[in-house]
Amino acid sequence: MLLIYHDKFLEHNKSGHPENKNRLLAIKDILDRYNYATIEPVDVPDAEKKIKEVHSDEYVKLIKNIKSDTMLDSDTYIVKETYNVAVKAVAASINAADYAADKKDSFALVRPPGHHACKNRGMGFCIFNNIAIAAEYMLSTGKAKKILLLDIDCHHGNGTQEIFYARKDVYYISLHQYPAYPGTGSADETGVGEGKNFTLNIPLRPYTTDDEYIEKLKIFRKVAIDYNPDVILVSAGYDTYIDDPLTSMNITIDGFGKISKYIKETAKMTGVGVAFILEGGYNLRGLSEGVLETIKV
Ligand SMILES: [Zn+2]
């Protein structure tokens, strides 16, 4: 598995905030201990243009022009360097998708996360929607015609859902604690127009266990086989961890291994590569050891 990382991702930081640089430092530390090498993202030409295929010009301009530390909403901070960090996170995510299209599994170890970022605004610690931009890039460059997005972050990826809600070239599946932030993701949100039945929400009760989670994941395999995507992209959040400070789920480190294995086996069955793109995870042990389990399989 190709592991894409850059120290630049540490420069978007606010101490005391749950989404801070220590998350990636904990991951980097465990990778070093287990001798996993990382590669740096390759910058994407016209990155801003790629971002604007998903986000509005006004919103991109807003982030680009921020000159000092500020809050985008009550829980999403921005620092002076955030735009450049977020652009690099987008590049890493696009690189990961490119590798997956070549059947090389990859993991973009990025910050800030992306799946709550909507077309016109960031929210929920997210600035640009990394996975959505990577998916749109694959489609617009003809590298994929159909993409399956699996979101295993504990929270519903409202931004990703919104961006592809009326589309059938991107199938969005999310498993998430429900009810919980951001409030969306009920089972009856299934897409509109051409996109009807190409969004699948699997709300999970609080305290869902490893075995219950794998049971619910079976529908992802069924969809993957039926939909027959060219690539699978995963919004990989580790905040379903039993001791995560922001959520109430019961997934263990071992569980992350089982979930990752199930995803990998599904990708193998459908004959496609898979790219993991980091989202949440706020208990440093759950996050770093969870990521390690994913890498191991
Ligand atoms: Zn989350």
Side-chain angles (χ1 to χ4, degrees), residues 1 96-97 99-108 115 131-132 134-135 138-139 144-157 160-161 164-165 167-178 185-191 195-205 208-241 249-279 290-291 293-297:
M1 180 177 243
Y99 287 126
D102 288 338
K103 309 247 170 91
K104 288 182 223 147
D105 295 336
S106 60
F107 203 143
H115 74 151
I131 198 165
M138 296 304 283
L139 295 165
K145 288 195 168 60
K146 284 193 290 181
I147 298 179
L148 180 56
L149 296 189
L150 173 66
D151 192 328
I152 56 169
D153 188 275
C154 194
H155 302 98
H156 179 240
T160 312
Q161 169 170 303
F164 298 115
Y165 208 52
R167 300 260 297 267
K168 61 176 183 182
D169 50 358
V170 175
Y171 198 125
Y172 178 66
I173 304 181
S174 177
L175 291 88
H176 44 269
Q177 183 182 325
Y178 190 85
S186 78
D188 58 11
E189 295 167 23
T190 57
K196 188 78 189 162
N197 297 325
F198 289 91
T199 290
L200 177 62
N201 283 301
I202 306 171
L204 304 172
R205 67 167 185 93
T208 293
T209 64
D210 294 347
D211 289 345
E212 288 168 342
Y213 199 100
I214 295 287
E215 193 58 35
K216 296 279 188 183
L217 209 49
K218 283 182 178 167
I219 191 152
F220 151 70
R221 180 167 290 177
K222 192 185 173 309
V223 167
I225 291 165
D226 292 347
Y227 186 62
N228 193 25
D230 300 310
V231 69
I232 296 174
L233 307 182
V234 181
S235 263
Y238 293 82
D239 41 6
T240 50
Y241 182 56
M249 297 286 266
N250 279 0
I251 304 303
T252 66
I253 301 295
D254 198 39
F256 288 125
K258 288 181 188 163
I259 291 164
S260 304
K261 188 160 175 260
Y262 196 88
I263 295 168
K264 173 62 200 161
E265 283 172 358
T266 303
K268 227 175 184 176
M269 286 166 75
T270 49
V272 300
V274 51
F276 288 78
I277 296 169
L278 188 67
E279 299 283 359
V291 166
E293 288 302 307
T294 300
I295 292 168
K296 278 187 192 165
V297 303

Query - Side-chain donor-acceptor pair present, S186, D188, cut-off under 3.5 Å - result: yes
Requested in this report: For the residue pair V291 and F276, establish whether any side-chain heavy-atom pair is separated by less than 4.5 Å.
Outcome: no
Requested in this report: Report the distance from atom CG of D153 to atom CG of L278, rounding to the nearest 0.5 Å.
Outcome: 9.0 Å
Requested in this report: Considering non-hydrogen atoms only, spot the tightest contact between I277 and F107 and give its length.
Outcome: C-CE2, 4.3 Å
Query raised in the report: Does a side-chain heavy-atom distance below 4.5 Å link T240 with I152?
Result: no
**Report entry** N228 side, atom CG; K145 side, atom NZ - distance, nearest 0.5 Å
**Finding:** 12.5 Å
Query raised in the report: Do K264 and T294 pass the side chain to side chain contact (heavy atoms under 4.5 Å, CB included) test, and can you show the C-alpha distance, the side-chain angles, and the key distance before you say yes or no?
Result: CA-CA 9 Å; K264 173 62 200 161; T294 300; over 6 Å; no
Query - CE-CG distance between M249 and L204, expressed to the nearest 0.5 angstrom - result: 4.5 Å
Query - Test item: R221 and K218 side chains (from C-beta on) under 4.5 Å apart, heavy atoms - result: no
Report task. Identify the heavy atoms of G157 and H115 that sit nearest to each other, and give their distance. Result -> CA-ND1, 3.3 Å
Query - Heavy atoms from other residues, nucleotides or ligands near NZ of K196 exceed 12 (cutoff 6.0 Å) - result: yes
Report summary line: Here the gap from T208 atom OG1 to I202 atom CD1, rounded to the nearest 0.5 Å, amounts to 11.5 Å
Query raised in the report: Are the side chain of D102 and the backbone N or O of K104 linked by a donor-acceptor pair below 3.5 Å?
Result: no
Report task. Please confirm whether the backbone N or O of A96 pairs with a side-chain atom of S106, one donor and one acceptor, at under 3.5 Å? Result -> yes
Report summary line: The side-chain contact (heavy atoms from CB on, under 4.5 Å) partners of K261 (sequence neighbours excluded) come to E265, V297
Requested in this report: Fit a plane to each ring of Y171 and Y227, take the angle between them on a 0 to 90° scale, and name the class: parallel (under 30°), tilted (30 to 60°) or perpendicular (over 60°).
Outcome: perpendicular
Query raised in the report: Considering all heavy atoms of both residues, which atom of L139 and which atom of V170 are nearest to each other, and what is their separation?
Result: CD1-CG2, 3.6 Å
Report task. Could you check R167, Q161, E189 and say which one makes a side-chain contact (heavy atoms from CB on, under 4.5 Å) with Y172? Result -> Q161
Query - I253 to G290 - nearest heavy-atom pair and separation - result: CD1-N, 4.2 Å
Query raised in the report: Do the side chains of P229 and I147 get nearer than 4.5 Å, heavy atoms only?
Result: no
**Report entry** Neighbour count >12 (heavy atoms, 6.0 Å) for atom CD1, I219
**Finding:** no
Query raised in the report: Minimum heavy-atom separation for A267 to I232, with atom names?
Result: CA-CD1, 4.0 Å
Query raised in the report: Would you say the side chain of D230 lies within less than 4.5 Å of the side chain of V272, judging by non-hydrogen atoms?
Result: no
Requested in this report: Measure the shortest side-chain to side-chain distance between Y178 and N201 over non-hydrogen atoms and say whether it is less than 4.5 angstrom.
Outcome: no
Query raised in the report: Is it true that a side-chain atom of H176 and a backbone atom of G185 form a donor plus acceptor pair closer than 3.5 Å?
Result: yes
Query raised in the report: Any side-chain heavy atom of F164 sitting closer than 4.5 Å to one from F198?
Result: no
Requested in this report: Enter the distance from L200:CG to L175:CG here, rounded to the nearest 0.5 Å.
Outcome: 8.0 Å
Query raised in the report: Can you tell me how far the CD atom of E279 sits from the CD1 atom of I131, to the nearest 0.5 Å?
Result: 6.5 Å
Requested in this report: Kindly give the heavy-atom pair with the smallest separation between K103 and G271, and that separation in Å.
Outcome: CE-O, 2.8 Å
Query raised in the report: So, does Y165 use its side chain to make a donor-acceptor pair with the main chain of T190 at under 3.5 Å?
Result: yes
**Report entry** Donor-acceptor contact below 3.5 Å, side chain D105 vs main chain V274
**Finding:** yes
